[in-house]
Amino acid sequence: MIYAYTLLTLAVFMVALQISKRLKSIIFNSFILTVAMLISIVVMFNVPYPDYMAGNAPLNHLLGVSVVALALPLYEQFRQIKEYWKTILFITALSSLFSMVVGAVLALLLGAEPELVATILPKSVTTPIAMEIAQNIGGIPSVAAAAVLIAGLQGSMFGYLILKVIKIKYAESIGLSVGAVSHVLGTVSCMEVDPKAGNYSSIALVLCGILSSIFAPFVFKLIYFWVV
């Protein structure tokens with residue numbers, strides 16, 4: 001009976017998907033609507049959060065496995081990657097480093113302890129990868145997941161919109177920018193508006209996840225000991 005929360009989550013997502021198609025809004029995309037409706041239901045009916053999480057165990061267990069699926073965008077966009085691999089690799093590597101450095105330095109300037117700095121560091125990669133990175137460098141995986149969610153929500157709601165306002169014209173540039181800092185949520189937002197931007201965003205989220213896994217331990221040690 002407790003797994004009924006899994007069915008509830010899926011049902012709410014399907015409703016949000018239909019609403020998003022009618023609204024055609026960048027800000028109020030399917031993920032934002034799903035989160036808003038689920039929070040409203042949980043609060044309205046006083047559902048204990050631990051019970052809701054336990055009831056979503058089938059979905060939660062798929063989170064780690066879903067990392068394997070990230071190889072699909074790389075395969076689908078292999079031709080573009082092969083043609084522009086140097087540019088794409090440079091952009092995603094620079095984006096990964098910049099995102100980690102900015103987050104870590106800001107946390108230190110605000111007085112964060114090393115554990116929290118390690119937690120904030122991987123905020124711009126997808127959740128399962130971020131949780132693993134945080135755990136490996138001494139952070140708190142559950143809090144890292146929350147940081148990832150916040151970064152993703154911001155990019156999902158405003159990333160594409162801001163880039164359009166500042167007159168970034170190329171779908172490739174928009175996609176790589178959003179995917180590099182807003183992972184899956186930003187990619188979904190791009191995909192709903194411009195499939196080409198969404199494709200490049202998927203490339204960025206995969207490569208940034210891989211590169212961040214490599215860079216994170218070195219960046220954490222370098223920034224923390226340099227500042228401290």
Side-chain angles (χ1 to χ4, degrees), residues 1-76 122-132 134 140-161 175 178-179 181-206 209:
M1 180 63 183
I2 192 172
Y3 291 138
Y5 289 130
T6 297
L7 298 178
L8 172 65
T9 302
L10 293 173
V12 169
F13 174 72
M14 295 302 295
V15 172
L17 199 59
Q18 294 304 314
I19 296 174
S20 177
K21 288 180 180 179
R22 291 176 179 272
L23 290 179
K24 296 181 179 178
S25 170
I26 297 176
I27 296 178
F28 296 105
N29 56 61
S30 57
F31 182 82
I32 300 297
L33 293 172
T34 301
V35 171
M37 287 192 287
L38 285 174
I39 290 175
S40 300
I41 292 171
V42 169
V43 172
M44 188 181 303
F45 293 97
N46 294 317
V47 178
Y49 182 71
D51 289 352
Y52 176 76
M53 286 299 295
N56 273 284
L59 295 179
N60 295 336
H61 291 158
L62 290 174
L63 190 60
V65 180
S66 67
V67 177
V68 179
L70 295 179
L72 182 60
L74 288 177
Y75 174 76
E76 291 180 337
K123 61 178 173 46
S124 292
V125 298
T126 193
T127 304
I129 297 177
M131 293 177 71
E132 285 296 323
I140 308 170
S142 58
V143 179
V148 169
L149 178 61
I150 293 171
L153 286 174
Q154 291 174 337
S156 175
M157 295 175 70
F158 305 114
Y160 188 92
L161 190 60
V178 173
V181 298
S182 303
H183 47 84
V184 175
L185 302 186
T187 299
V188 171
S189 178
C190 281
M191 195 69 75
E192 291 181 352
V193 180
D194 184 344
K196 187 174 183 179
N199 288 335
Y200 275 86
S201 183
S202 67
I203 293 172
L205 81 88
V206 174

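Everything numeric in this text was worked out from a predicted model, so none of it was measured.
Residues Ala130 and Ala144 share a closest heavy-atom pair of O-CB, 4.2 Å. Among all heavy-atom pairs drawn from Met131 and Pro141, the shortest one is CG-O, 3.5 Å. The two residues Pro58 and Thr6 make their nearest non-hydrogen contact at CD-OG1, 3.4 Å. When every heavy atom of Gly179 is checked against every heavy atom of Thr187, the shortest pair comes out as CA-OG1, 4.3 Å. Of all heavy-atom pairs spanning Gly175 and Ala204, the tightest one is O-CB, 4.4 Å.
Counting heavy atoms from C-beta on, the side chains of Leu10 and Phe13 never come closer than 4.5 Å.
Among Val47, Val43, Leu33, Val12, the one residue that satisfies the side chain to side chain contact (heavy atoms under 4.5 Å, CB included) test with Leu38 is Val12.
Between the side chain of Ser20 and the main chain of Ala16, no donor-acceptor pair closer than 3.5 Å is present.
For Val35, the side chain to side chain contact (heavy atoms under 4.5 Å, CB included) partners at least two apart in sequence or on another chain are Phe31, Ile39.
Asn46 contributes atom CG, which lies 12.0 Å from atom CG of Asp51 (distance to the nearest 0.5 angstrom). The CG atom of Leu59 sits 14.5 Å away from the OH atom of Tyr5 when rounded to the nearest 0.5 Å.
For residues 8-19, the pairs satisfying side-chain hydrogen bond (donor to acceptor under 3.5 Å, both in side chains) are Thr9-Tyr52, Thr9-Asn56, with sequence neighbours left out.
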